[in-house]
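Below is one structure, written out as structure tokens; the observations come after it.
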Amino acid sequence: MLLRMSTLLLKTLREEPADAEVPSHRLLLRAGFIRRAAPGGYTWLPLGKLVLDRVTDVVREEMAAAGGQEVSFPALLPREPYETTGRWTEYGDDIFTLQDRRGADHLLAPTHEEMFALLVQDLTSSYRDFPLLLFQVQTKFRDEARPRGGLLRGREFLMKDAYSFDLSEAGLTEAYGRMRLAYQRIFERLGLTHTIVSAVSGAMGGSASEEFLAAAEVGEDTFVGCTACDYAANTEAVVTPAPAGLPAAAPDLEVHDTPDTPTIASLVEFANARALGGRTDWTAADTLKNVVVTVHHPGGKDELLAIGVPGDREVDLKRLNAVLAPATATLFDDFESRPDLVKGYIGPQGIKIRYRADPRVAPGTAWLTGANEPGRHATNVVAGRDFTPDDTIEAADVRAGDPCPSCGSGALTIRRGIEIGHIFQLGRRYTDAFAVDVLGADGKPVRPTMGCYGIGVSRAVAAIAEQHHDERGLIWPASVAPADVHIVAAGRDGQVEAALQLGATLARAGVRVLVDDRPNVSAGVKFTDAELIGIPRSVVVGRRLAEGYAELRDRRDGTRQELPLVDIAGVITTEVG
RNA sequence: CGGGUAUUGGCGCAGCUUGGUAGCGCGCUCGGCUUGGGACCGAGAGGGCGCAGGUUCGAAUCCUGCAUACCCGACCA
């Protein structure tokens with residue numbers, strides 16, 4: 001490959017685009033890899049397309065190595081299959097739907113579980129056809145409420161989705177493990193530093209689930225790690241350890257007048273000022289905060305739910321919604337309609353709606369909490385004695401320093417990452433929905449179980465840019481760079497010709513070459529553009545050409561070395577391998 | 001979907017308070033000069049100010065409504 005910048009469709013931007021915030025978005029725009037074409041939709045320019053294709057190639061190679069077979073479905077699909085599995089309504093507003101000229105409903109697929117299950121139903125009939133691993137690289141559509149960060153969250157994006165079909169749990173587990181390894185290899189080859197975290201499987205349904213998160217400050221996913229062990233999990237998946245040991249028996253419940261104390265802060269201040277219960281060392285953690293939410297079920301029914309968490313914690317709506325999925329929750333605020341719920345003074349004793357408590361509110365623990373009357377609170381309210389929650393719930397926020405649920409000795413740390421891959425064992429949700437059965441060895445029908453494995457390919461390009469750049473521009477890993485070498489003809493006097501000649505030699509040897517042969521562009525501009533574009537290795541054909549020398553530069557560490565021009569092709573060909 | 005900010009040539013911005021028919025830098029075109037770190041000189045092309053109404057002799061500037069984008073939050077792979 002030999003690309004000449006004199007004819008390349010490329011325009012680098014000297015100034016920062018006003019509406020790009022995150023580094024990957026800014027740099028990909030400035031370096032001329034992408035252009036915004038629609039809200040949440042980007043055009044791949046020649047340099048960007050080269051990177052995207054190289055990333056896709058890595059993914060394809062590893063999928064094939066893991067035994068995957070590539071297929072490709074339409075992105076435009078009819079309603080029926082998604083109606084059958086319930087996702088037409090469950091996915092709700094996030095699906096792009098449209099009607100054809102006859103008024104029939106269609107959708108632009110957000111993922112393709114239905115189609116893969118139907119394809120397997122169509123083309124298999126015997127246990128001999130299994131196991132099966134299929135994948136595709138396809139444009140997906142989601143009507144994101146808020147596209148952001150350029151390629152990080154678009155409404156149209158490139159995704160690799162793979163699906164395994166097995167007839168036994170052991171087979172599924174094996175396929176899952178194989179894909180997990182393939183993913184690690186892929187992200188390693190892409191130069192993406194990542195962490196595998198336990199996750200919840202979201203709208204797709206399913207059980208065992210792990211996310212691959214690329215470490216990045218701009219990442220939308222918060223996850224936790226442990227200071228002592230290798231535990232890592234999405235905050236939604238963090239399980240709160242119940243306090244160890246039974247607390248001492250508390251005295252009887254006592255109700256106190258606590259006027260004007262509708263918040264935890266005001267309550268603690270009041271309690272200490274008046275030595276409530278003889279104590280002056282009350283903290284927010286001694287109080288029990290009860291938050292009322294409205295739970296919206298997909299069917300359309302609403303239900304009130306009260307959630308009890310220690311007063312020093314907030315209810316984390318992300319965690320709560322993960323627990324309640326597919327139902328969703330919003331904060332309840334229409335207290336006028338419910339006189340039994342006294343805002344600011346709610347207590348779990350005798351509450352008339354469903355009540356679920358944080359695991360820290362374990363049986364035997366005593367709390368300072370609302371007395372369900374305006375201006376009154378109660379002390380020594382003991383879980384299991386004065387009230388019994390309907391259930392526990394993981395809704396309290398997770399904080400750095402919380403004890404690790406895995407080893408118990410370490411403390412949790414909080415980090416941010418970009419979700420670049422998600423794997424999970426789907427089970428039979430989709431094969432059940434379509435009654436996908438094949439004949440087993442014993443002559444009886446067997447129903448395949450599915451695994452689902454996704455990689456955001458276009459998002460991965462952004463993630464790579466996030467992890468590989470400096471103040472001057474992008475620095476692509478060699479595995480995905482738009483070219484292996486960037487040859488800069490610094491000036492005149494035959495330098496352009498020499499650069500093109502070197503480029504041609506390298507291209508014949510199978511090296512991907514970008515030559516800056518632009519006439520009437522100063523060397524300074526060319527150097528700056530080369531650093532912005534970020535090809536890891538460059539050759540400057542310039543002032544020492546007359547002596548037969550050129551300069552080899554390393555974009556990452558900035559080192560330069562002068563080499564005889566006649567040796568350069570050999571050196572580079574060897575390095576590129 | 002809630003809150004905030006913004007919308008003026010390809011990009012980045014000024015002008016709006018105090019209405020008089022649009023300007024700067026970069027980029028682009030042509031000529032000259034220059035050629036190892038985002039040159040210089042000269043001559044040009046290109047917008048009627050997000051959209052729709054309204055006020056006014058006159059609106060980028062004032063009023064009303066709408067749209068879009070970005071940021072924060074909600075939601076989400």
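Residue numbers start from 1 in every chain, and the chains themselves are labelled A, B, ... in the order their sequence lines are given, proteins ahead of strands.
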Distance between [atom1] atoms of [N] and [M] (Å, rounded):
N	M	atom1	answer
U61(B)	G2(B)	C1'	31 Å
A74(B)	G3(B)	P	16 Å
U7(B)	C49(B)	P	14 Å
G15(B)	C62(B)	C1'	16 Å
U64(B)	U55(B)	C1'	11 Å
U17(B)	A60(B)	P	12 Å
G46(B)	G73(B)	C1'	41 Å
G50(B)	A43(B)	C1'	34 Å

> Tell me, which pairs form a side-chain hydrogen bond (donor to acceptor under 3.5 Å, both in side chains) where one or both residues lie in residues 458-468 of chain A, sequence neighbours left out?
Replying inline: Ser24(A)-Glu466(A)
Would you kindly give the [atom1]-to-[atom2] distance between [X] and [N], to the nearest whole Å?
X	N	atom1	atom2	value
Asp94(A)	C1(B)	CG	P	13 Å
Tyr183(A)	A77(B)	OH	P	15 Å
Leu532(A)	G37(B)	CG	P	19 Å
Leu331(A)	C1(B)	CG	P	20 Å
Phe96(A)	A77(B)	CZ	C1'	15 Å
Arg153(A)	C72(B)	CZ	P	13 Å
Leu317(A)	G73(B)	CG	P	13 Å
Arg518(A)	G27(B)	CZ	P	12 Å

Quick one: label [X] by what it contacts on the DNA or RNA (base, sugar-phosphate, nothing), any heavy atom closer than 4.0 Å.
X	answer
Arg146(A)	base
Arg155(A)	nothing
Val540(A)	base
Asp529(A)	base
Pro110(A)	nothing
Glu144(A)	base
Gly454(A)	nothing
Gln495(A)	nothing

> Going by the angle between their ring planes, with limits at 30° and 60°, are His25(A) and Tyr42(A) parallel, tilted or perpendicular?
Replying inline: perpendicular
> How are the rings of Trp476(A) and Phe33(A) set to each other: parallel, tilted or perpendicular (split at 30° and 60°)?
Replying inline: tilted
Taking OP1 and OP2 of [N], is either one under 4.0 Å from a side-chain nitrogen or oxygen of [X]?
X	N	answer
Arg560(A)	G36(B)	no
Asn520(A)	U34(B)	no
Arg142(A)	A77(B)	no

> Less than 4.0 Å between a side-chain N and a carboxylate O, is that true for Glu144(A) and Arg153(A)?
Replying inline: yes
>> Salt bridge check, Glu15(A) against Arg30(A): does any charged N sit closer than 4.0 Å to a carboxylate O?
In response: no
>> Counting primed atoms plus P, OP1 and OP2 as sugar-phosphate and everything else as base, spell out the protein contacts along nucleotides 7-16 of chain B at 4.0 Å heavy-atom distance: B, S or - for each nucleotide, 5' to 3'.
In response: ----BSS---
For [X], which residues count as a side chain to side chain contact (heavy atoms under 4.5 Å, CB included) partner, sequence neighbours excluded?
X	value
Asp53(A)	Lys49(A)
Thr56(A)	Leu52(A), Arg60(A), Val137(A), Leu158(A), Val457(A)
Leu181(A)	Gln184(A)
Leu45(A)	Arg35(A), Thr43(A)

>> Using a distance-only criterion (donor-acceptor N/O pair, under 3.5 Å, no hydrogens), is the base of G37(B) paired with the side chain of Arg543(A)?
In response: no
> What does C75(B) pair with, Watson-Crick or G-U, if both distances are under 3.5 Å?
Replying inline: none
>> Taking syn as a glycosidic torsion within 90° of 0 and anything else as anti, which one is G58(B)?
In response: anti
> When you measure from the side chain of Asn321(A), which nucleotide among G37(B), C71(B), C75(B) comes out closest?
Replying inline: C75(B)
